[in-house]
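Heavy-atom basis, side chains included; hydrogens, waters and symmetry copies ignored. Every number for a ligand or one of its atoms is a count from 1 in the order of the listing.
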Amino acid sequence: MARLMIVSNRLPITIDKKDGELFYHPSAGGLATGLNSLDQDMDKVWIGWPGKTIRDEAEKRSIEKQLHKDDIIPVFLSRKEKLLYYEGFSNKTVWPHFHYFTQYTTYDTSYWKAYKSVNQKFADAVCEHYQDGDLIWVHDYQLLLVPNLIRENCPNASIGFFLHIPFPSYEIFRILPWRKELLEGVLGADQIGFHTFGYMRHFLSAAYRITGHEHHFGKLTIDNRLINVDVFPMGIDYNKYAFPEQVTNQKEGYEAHYLEPGQKLILSIDRLDYTKGIPERIEAMAEFFERYPKYRGKVSLVMIVVPSRSNVDQYMDLKNEVDTLVGRINAQYSNFDWTPILYFYRSFPFQDLTSMYKAADVALITPLRDGMNLVAKEYIASKETTKQGVLILSEMAGASNELTEAISVNPHDIDNMVESLVRALEMPLEEQAERLEVMQYKLKRYNVKHWAESFINEQIEMMESQQVSQTNLLNSDVKTQLIQQYKTAEQRLLFLDYDGTLMNFQTDPQAVVPDKELMQLLENICADSKNKLVIITGRDRHTIDEWLGHLACDMAAEHGVWLKENNKWRKSTEIFDSWKKDIRPVLEDLVLRTPGSFIEEKDYSIAWHYRKIDKDLGEKRVREFRDVLRYLTASLDLQVLEGNKVVEIKNAGVSKGKAALNWINAKNWDFYLAVGDDHTDEDTFKALPTNDNAYTIKVGIQQTTAKYNLLTVEEVRTMLTEMVSE
Ligand code: GDG
């Protein structure tokens, strides 16, 4: 049975030690709940750090034994690793940077080294326990390198990766000295998930600009491996908050101690973190009481701040700042019956938390940056039965994309914050219910179980489609059969495309000069008198002739405009080139407006290349240019071919397929082979007979009419070498 291997920095349990005895506490995070509620027909194995530094080897073994019973595999970290990898690179480099707090980003190579080696430790643990068919799901910013490190040792594993925090814009991301390694680490996955489309866009843009990999509708192809990048907004365990088991009526408690009857409660809950906008929120409360004295004595903010990362400098500073600000506003406005901010610096048991959600008239959730923010969703769910309550939510939280019926605020805009508070406190009950119902409907349907299922189901689909695309690969059995038929044949016709088939692409097309190894291979093919080799290319005849003209082979150039037989070039059909003088100025104008693009003029076609420029700009130009071309070519017998970062205008009625027929019809061949990589080669494939002795091979895994696929230029060369060897 396929298993799900979950890999996260922290395990769903935490180890504690008291008086030399070990204790195991379950940590009830959203992730653990979501994954536990998944269909039981998939066994789960969890790999991660148990949260405690254990030095004694015997103790480690005993923990391992205990945890293995629950299918948990601990990855132990030394004190130094915890300091450099976790507190260092994860929390002082990636965390601030990805949340746009670049002033807090620490650039420290010892952190980076530890991050790499601990990521390797996690990947090793995965590979050690991996079984064929397992699905691996890696989580979050502490483990960005893990997908690719797993891929190196388990190349066929199906790996998913989910980022729980924002992915910053390219302009921010590019600042990191380790940007390329981090991206390549994540790109080792088959599926990459984000909370919002914004993060996904940033990731794809960074992947393109930094590693050069382009996407099409969120799909990237790297080394002929398909990667799915998609949005999976994380949900909550809705019923747990909507219908909690034991809720104490906290509001009554507050009312008894702090509030006059009818007073209103505003609630905020966050970890102490500079991303959560806590000082800005307190300032907004102060301004609110300043501007609207009528609310003094009537409204209190219950502010729960959960201690976190308290040994990091910025967090200590933040704690001092928050303490001072709360002290100041309380000192300024409170009286014997009322305190403006009820400030708690500690965590609460779940029951207390849900009671506070229930009691709060308004939730004020105003992070400066937040991957998602589950507190906002939990608050909405807790209003399932009462249908009363208003959510004020920062537009910088990922959750604001879904919770569009909340009052949306910019946490940096103090006026906006103050006016939103008034709006929330004054909102009629009917409107509160209407807004809540819409949001509750969404959260109920897209809960945490649904989130995990949709990620995993999409990953399973990816795994299956990778397998399907592998079924057409020219495997060793087919290769043996091909070689046997080749050996016994007397009259063999071989069509080989050049760029992307025999040679890899380069940014400058003129630099793709054949190397010695290729020359030798082609000479060997031509040396056998039973072979008729035809190089069939889109290149102009002068270049291809200069490079390969000395070989005893035939050629078709410019996608079949020119044919070379018995060492002589001829035009395949009567065509004209007078149109080029009308089209060329349009292309020249395009080049002027698009620096880095260039024109390639052939005898009967003209091409505009945008290989060296930004893809988005290139595509924008193609769109504009398509309309102009349509107008210009309307009355001419021309066709426009959109290729791989090139647009080519040429005479209609010419194709590689038509050219191929020239040779196909010339003899009774008993072996055919055609190899090519792009859509113009599909015409060649279609022109070949469908007999068992005809082999059509596409280089790459894209859709094709060819019978087989090979993945790379290197594989094509190996196959040809084996075919012609004695
Ligand atoms: C990261 C991303 C993303 C809080 N105080 C107490 C308590 N909590 C619970 C809440 C909620 C969770 O902790 C906090 O989740 P958030 O989503 O708000 O924030 P992060 O911890 O920063 O999480 C974030 C999340 O990952 C998921 O992808 O949404 O953007 O930063 O569930 O209820 N629970 C208890 N006592 C407390 O005092 N029991």
Stepwise, does the side chain to side chain donor-acceptor pair (under 3.5 Å) test hold for Thr211 with Glu184? CA-CA 8 Å; Thr211 67; Glu184 283 170 349; over 6 Å; no
Asn9 vs Tyr141, side chain to side chain donor-acceptor pair (under 3.5 Å): CA-CA, chis, key distance, verdict: CA-CA 9 Å; Asn9 176 58; Tyr141 67 102; over 6 Å; no
Verify side chain to side chain donor-acceptor pair (under 3.5 Å) between Thr404 and Lys442, making sure each step is shown before the conclusion. CA-CA 11 Å; Thr404 42; Lys442 295 186 232 185; 3.2 Å; yes
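Residue-to-ligand polar distances place His195 within reach of ligand 1: an N/O pair is separated by less than 3.5 Å. In terms of polar-atom proximity, Ser347 is not counted as a contact of ligand 1, lacking any N or O under 3.5 Å from an N or O of the ligand. At least one N or O atom of Asn373 sits closer than 3.5 Å to an N or O atom of ligand 1. The shortest N/O to N/O separation between Phe348 and ligand 1 falls below 3.5 Å. Annotation: Arg346 places no N or O atom under 3.5 Å from an N or O atom of ligand 1; distance criterion only.
If you look at Ile304 next to ligand 1, there are no close heavy atoms at all, none under 4.0 Å. Contacts with ligand 1 closer than 4.0 Å are made by side-chain heavy atoms of Met234 only, the backbone lying farther away. Under 4.0 Å from ligand 1, the heavy atoms of Trp95 that appear belong solely to its side chain. With a 4.0 Å heavy-atom cut-off, ligand 1 is reached by the side chain of Lys276 but not by its N, CA, C or O. The backbone and the side chain of Leu374 each have at least one atom closer than 4.0 Å to an atom of ligand 1 (non-hydrogen atoms only).
With 3.5 Å as the limit, one finds no donor-acceptor pair spanning the side chains of Tyr85 and Asn119. Side-chain N/O atoms of Tyr170 and Arg209 include no donor and acceptor closer than 3.5 Å. Between the side chains of Arg79 and Thr53, no donor-acceptor pair of N or O atoms lies under 3.5 Å.
Using 4.0 Å as the threshold, Phe344 has no heavy atom nearer than that to any atom of ligand 1. The shell of residues lying under 4.0 angstrom from ligand 1, judged by heavy atoms, excludes Phe162. Within the structure, the closest approach of Val306 to ligand 1 falls below 4.0 Å when heavy atoms are considered.
Note that Lys240 lies in the cation-pi zone of Phe350, set by a 6.0 Å cut-off to the ring centre and a 45° limit from the axis. Taking the ring axis of Tyr345 as reference, the NZ or CZ atom of Lys319 stays within 45° of it and closer than 6.0 Å to the ring centre.
Summarising the contacts of atom 1 (C) of ligand 1 with Met356, His164, Lys240, Met372, the nearest heavy atom is found in His164.
By the side chain to side chain donor-acceptor pair (under 3.5 Å) test, Lys387 is found to be paired with Gln440, residues two or more places apart in sequence or in another chain being considered. Qualifying ring-ring contact (aromatic ring centres under 6.0 Å, His included) partners for Phe98, counting only residues two or more places apart in sequence or in other chains: Phe167, Phe173.
Near Ile269, the atoms of ligand 1 lying under 4.0 angstrom from a non-hydrogen atom of the residue are 4 (C), 5 (N). Applying the 4.0 Å criterion to heavy atoms of Arg271 picks out, from ligand 1, the atoms 21 (O), 22 (O). Residue Asp370 approaches ligand 1 through these ligand atoms, each under 4.0 Å from one of its heavy atoms: 24 (C), 30 (O), 31 (O). Shown in contact with Gly371 at under 4.0 Å from a heavy atom are these atoms of ligand 1, numbered in order with element: 30 (O). Within the listing of ligand 1, atoms 33 (O) sit less than 4.0 angstrom from a heavy atom of Tyr357. For ligand 1, the atoms sitting less than 4.0 Å from at least one non-hydrogen atom of Val375 are 10 (C), 18 (O), numbered in the order shown with element in parentheses.
The CG atom of Leu272 sits 4.5 Å away from the CG atom of Leu318 when rounded to the nearest 0.5 Å.
A donor-acceptor contact shorter than 3.5 Å is absent between the side chain of Arg3 and the backbone of Asp43.
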